[in-house]
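Below is one structure, written out as structure tokens; the observations come after it.
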Amino acid sequence: MPTAATTRAPETATFDAVIVGAGFAGMYMLHTLRQLGFTARVYEGGGGVGGTWYWNRFPGARCDIESLQYSYSFSDELQQEWEWTEKYAPQTEILEYANHVADRFDLRRDIRFDTRVTKAGYDDGAKRWTVETNRGDRVTAQFCIMALGCLSAANKPDFPGLADYTGPVYHTGEWPHDGVDFTGLRVGVIGTGSSAIQSIPLIAKQAKSLTVFQRTAAYTVPAWNEKLDPDYVRNVKADYPALRAKARARPTGFYFKFNTKPALEDSAEGRERQYEEFWSRGGLPFLGAYGDLLFEKDANDTVADFARAKIRGIVKDPKVAEKLCPDNVFGCKRLCVDTGYYETYNQPHVTLVDIAKTGIERFTETGVVANGSEYELDAVVCATGFAAMTGSFDRIAITGRDGLTLKKKWEAGPRTYLGLASVGFPNLFMLTGPGSPSVLASLVQAIEQHVDWVADCIAHMRDVGAASIEPTLADEDAWVEHVNEVAQVSLRSTCSSWYVGANIPGRPRVFMPYIGGFPIYVNKCNEIMDAGYEGFVLDGAAETNTPPRIRLTERWHVPLDMDVISPAALAAKRVPVV
Ligand code: N01
């Protein structure tokens with residue numbers, strides 16, 4: 001894999017667009033802009049493409065949406081030629097896929113790797129952005145497109161005494177590229193979210209002893225991962241567009257079988273059967289067992305009881321099992337998907353330490369102190385997650401019109417129009433930004449829809465000679481209010497999760513992604529475009545009345561013909577969301 005950490009002269013060029021990040025969003029953005037005849041420069045902090053999949057190389061990392069759907073749909077040739085080997089692809093294969101895409105579409109020549117954007121400032125007179133990097137680049141572009149990733153800024157808590165600890169400390173989101181050999185070591189893992197749950201069973205296989213420090217117990221459903229059946233793949237590929245269309249019509253942007261019936265209308269025996277059946281299918285679709293699980297607390301209690309019974313059935317030591325049983329809303333935090341997680345605690349060399357009350361007290365030279373006891377550790381893994389959604393914006397000094405910084409504007413929580421743009425920051429686009437479905441949808445689909453919309457918008461601006469685009473304050477305020485209002489309908493807004501920024505002390509508590517459902521969101525974006533970018537001001541356009549020519553967004557028109565995704569169904573709390 002190429003890394004460009006070589007010396008290179010800083011550049012001072014001008015482009016139509018600067019794209020920050022070469023993950024799935026940045027790569028596809030570059031491809032589409034090039035197809036439309038625009039020039040673009042991509043800056044990427046990593047040494048290669050792939051974003052999340054470049055950084056998160058911890059043992060067991062894999063997608064939790066089926067590989068055949070967790071992939072680009074923009075090129076039929078690409079989706080036909082690529083062969084996924086497992087139901088849920090491992091990180092290595094997803095990264096290989098990202099590299100294949102980069103090669104196939106000749107993307108690398110416009111990407112500068114090992115380069116972090118440090119500053120982006122808007123010049124209102126020139127209507128252009130000046131972007132600076134940590135390698136001395138200083139370039140200008142009409143558009144600045146943030147393809148930063150929703151879960152990219154690692155949360156590395158400043159534990160007392162951390163500097164005294166003499167062993168290695170790893171973060172799952174910044175895993176060493178050569179891997180880590182834990183053989184014969186006493187290992188500690190801090191955290192029990194998705195990254196921990198995927199890595200713990202594999203770390204336990206190598207380590208002499210494994211101590212897991214748990215602040216909040218998490219719900220996890222078995223993945224039942226398996227090799228893909230060639231006949232199944234052939235069938236999907238025979239009519240891939242049909243699968244993609246069905247996926248787009250789902251609230252989550254990916255297709256799985258679900259049931260809209262309310263749990264509370266079923267008998268106790270009926271529910272047990274239904275949960276068993278969905279448990280045997282495994283993964284995130286488990287939440288589709290009933291339509292009201294994320295809306296009615298009483299319904300949620302039934303699924304939470306079922307999950308706790310599963311834990312008690314798997315974990316042999318009743319005290320350990322109780323510690324592993326979450327007492328919060330099922331699926332309120334992002335549901336985890338595992339292979340052998342609870343079983344790992346039946347191994348004699350694995351210890352679970354409940355730190356809910358005291359947290360990690362401190363590090364010492366040789367280990368970690370928690371609950372008043374010292375645990376001697378040769379290596380520590382921080383599976384402590386990310387400053388989600390906005391953390392990667394915070395790492396760049398972004399200054400818009402009149403010296404307004406994005407950090408200041410988002411002090412009390414992110415404010416965007418459609419999760420795509422923000423008042424005061426003309427010509428700045430965010431891909432899967434806060435206020436869009438992003439992490440609540442299948443991310444690759446959410447990315448493609450945003451890229452297509454932004455590319456169409458930029459092409460329209462060229463058609464009409466517009467110099468800048470910016471949302472109006474009234475429309476942004478209305479969107480923020482709508483995002484908050486819809487969030488209140490769901491139980492998801494009720495617990496301390498990274499969705500609301502509550503995983504890190506001091507961050508504002510705001511439900512950041514749009515929970516109204518992917519198709520509803522997509523159609524809203526399309527309506528806005530069809531109406532000539534309603535809610536946006538296009539400045540300097542020679543022909544303001546020219547109707548937008550839709551080039552790429554067309555494929556995202558979703559028929560709202562299913563009950564489950566209509567606004568009425570949402571209001572009636574009958575929308576399975578995972
Ligand atoms: O992070 P997390 P993650 N002291 O925030 C604990 C995606 N993903 O990297 O719950 C002690 O979920 C924290 O405790 P608490 C997926 O969307 C997907 O695991 O805040 N503990 C929690 O237990 C996922 O949701 C896959 O009380 C501390 C853990 O660390 C998202 O990424 C795989 C602490 C962090 O869990 C993030 O997952 C991996 C502290 N100071 C990730 N600070 C797939 O399967 C935090 N914790 C595709």
Side-chain angles (χ1 to χ4, degrees), residues 51-53 55-67 69-70 87-91 94 149-160 162 170-175 188-200 212-223 225 252 254 282-284 324 326-328 331-339 341 352-363 368 370-371 380-389 391 432 438-444 446 492 495-507 512-513 578:
T52 285
W53 302 103
W55 296 104
N56 285 265
R57 299 174 187 235
F58 59 84
R62 59 178 72 245
C63 57
D64 56 7
I65 288 171
E66 292 189 17
S67 324
Q69 299 194 56
Y70 191 83
K87 181 177 172 188
Y88 298 115
Q91 172 270 332
I94 302 174
C150 300
L151 295 154
S152 303
N155 168 37
K156 298 192 215 167
D158 190 15
F159 295 113
L162 188 57
Y170 306 102
H171 190 282
T172 45
E174 295 176 358
W175 202 256
V189 173
I190 302 176
T192 49
S194 295
S195 302
I197 281 173
Q198 286 188 329
S199 58
I200 280 169
V212 177
F213 299 93
Q214 171 186 276
R215 188 164 74 178
T216 311
Y219 291 104
T220 172
V221 176
N225 185 38
T252 49
F254 72 99
L284 299 177
L324 285 167
D327 61 2
N328 50 19
C332 190
K333 289 181 182 234
R334 163 89 176 195
L335 188 61
C336 303
V337 176
D338 75 282
T339 300
Y341 175 67
L352 180 69
V353 180
D354 181 356
I355 57 164
K357 292 206 176 77
T358 58
I360 296 287
E361 282 161 50
R362 64 181 191 279
F363 274 65
V368 162
N371 288 343
V380 175
V381 174
C382 288
T384 42
F386 303 90
M389 312 285 300
T432 65
S438 57
V439 291
L440 297 178
S442 174
L443 259 173
V444 186
R492 277 242 166 92
C495 66
S496 299
S497 66
W498 59 255
Y499 292 131
V500 296
N503 58 327
I504 299 177
R507 299 191 89 207
M512 292 183 278
V578 302

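Just so you know, residue 1 is the first one in the sequence shown, and it goes up from there. Every number for a ligand or one of its atoms is a count from 1 in the order of the listing.
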Provide, to 0.1 Å, the distance between [atom] and the closest protein heavy atom, together with that atom's residue and name.
atom	value
atom 1 (O) of ligand 1	G385 CA, 3.1 Å
atom 8 (N) of ligand 1	S194 CB, 3.9 Å
atom 33 (C) of ligand 1	Q198 OE1, 3.3 Å
atom 20 (O) of ligand 1	R215 NH2, 2.9 Å
atom 7 (C) of ligand 1	L151 CD1, 3.8 Å
atom 48 (C) of ligand 1	R62 O, 3.2 Å
atom 19 (O) of ligand 1	S195 N, 2.8 Å
atom 27 (O) of ligand 1	T216 OG1, 2.5 Å

Report the part of [X] in contact with ligand 1, treating N, CA, C, O as backbone and CB onward as side chain, heavy atoms under 4.0 Å; options are side chain, backbone, both, neither.
X	result
I355	side chain
C63	backbone
N155	side chain
S496	neither

Query raised in the report: Going by distance only, is there an N or O of A383 that falls short of 3.5 Å from an N or O of ligand 1?
Result: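 Indeed, backbone or side chain, A383 has an N or O that close.
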Query raised in the report: Just distances here: any N/O of W498 and N/O of ligand 1 closer than 3.5 Å?
Result: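 W498 vs ligand 1: N/O contact under 3.5 Å present.
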Is the closest heavy atom of [X] to ligand 1 under 4.0 Å?
X	value
V439	no
Q214	no
F213	no

**Report entry** L440 side chain reached by R492 side chain, heavy atoms, under 4.5 Å
**Finding:**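 Yes, at least one pair of side-chain atoms sits under 4.5 Å.
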Query raised in the report: Is there a side-chain contact between Q214 and L352 (heavy atoms, below 4.5 Å)?
Result: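 Touching, per the 4.5 Å side-chain cut-off.
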Taking all non-hydrogen atoms of both residues, which atom of [X] and which atom of [Y] are closest, and how far apart?
X	Y	value
P513	Y499	CD-O, 3.8 Å
P326	A217	CB-O, 3.6 Å
P222	V337	C-CG1, 4.4 Å
M389	M512	CB-SD, 3.7 Å

Requested in this report: Check for a donor-acceptor pair, side chain of E174 on one end and backbone N or O of W55 on the other, with a separation under 3.5 Å.
Outcome: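 No, the answer is negative, given that no donor and acceptor are paired below the 3.5 Å cut-off.
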Numbering the atoms of ligand 1 from 1, which are under 4.0 Å from a heavy atom of [X]?
X	answer
I190	11 (C), 21 (N)
G191	6 (C), 23 (O), 29 (C), 30 (O)
T192	22 (C), 23 (O), 29 (C)
K333	10 (O), 15 (P), 20 (O)

Query raised in the report: If you measure only the distance, is there a donor-acceptor pair under 3.5 Å linking the side chains of T384 and N155?
Result: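 No donor-acceptor contact under 3.5 Å links the two side chains.
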**Report entry** W175 and Y170 aromatic ring geometry - parallel, tilted or perpendicular at 30°/60° bounds
**Finding:**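 Geometry flag for W175 against Y170: tilted rings.
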Could you tell me the separation between the [atom1] atom of [X] and the [atom2] atom of [Y], rounded to the nearest 0.5 Å?
X	Y	atom1	atom2	result
F386	C150	CZ	SG	11.5 Å
Y219	K333	OH	NZ	11.5 Å
T339	I197	OG1	CD1	11.5 Å
Y88	I94	OH	CD1	12.0 Å

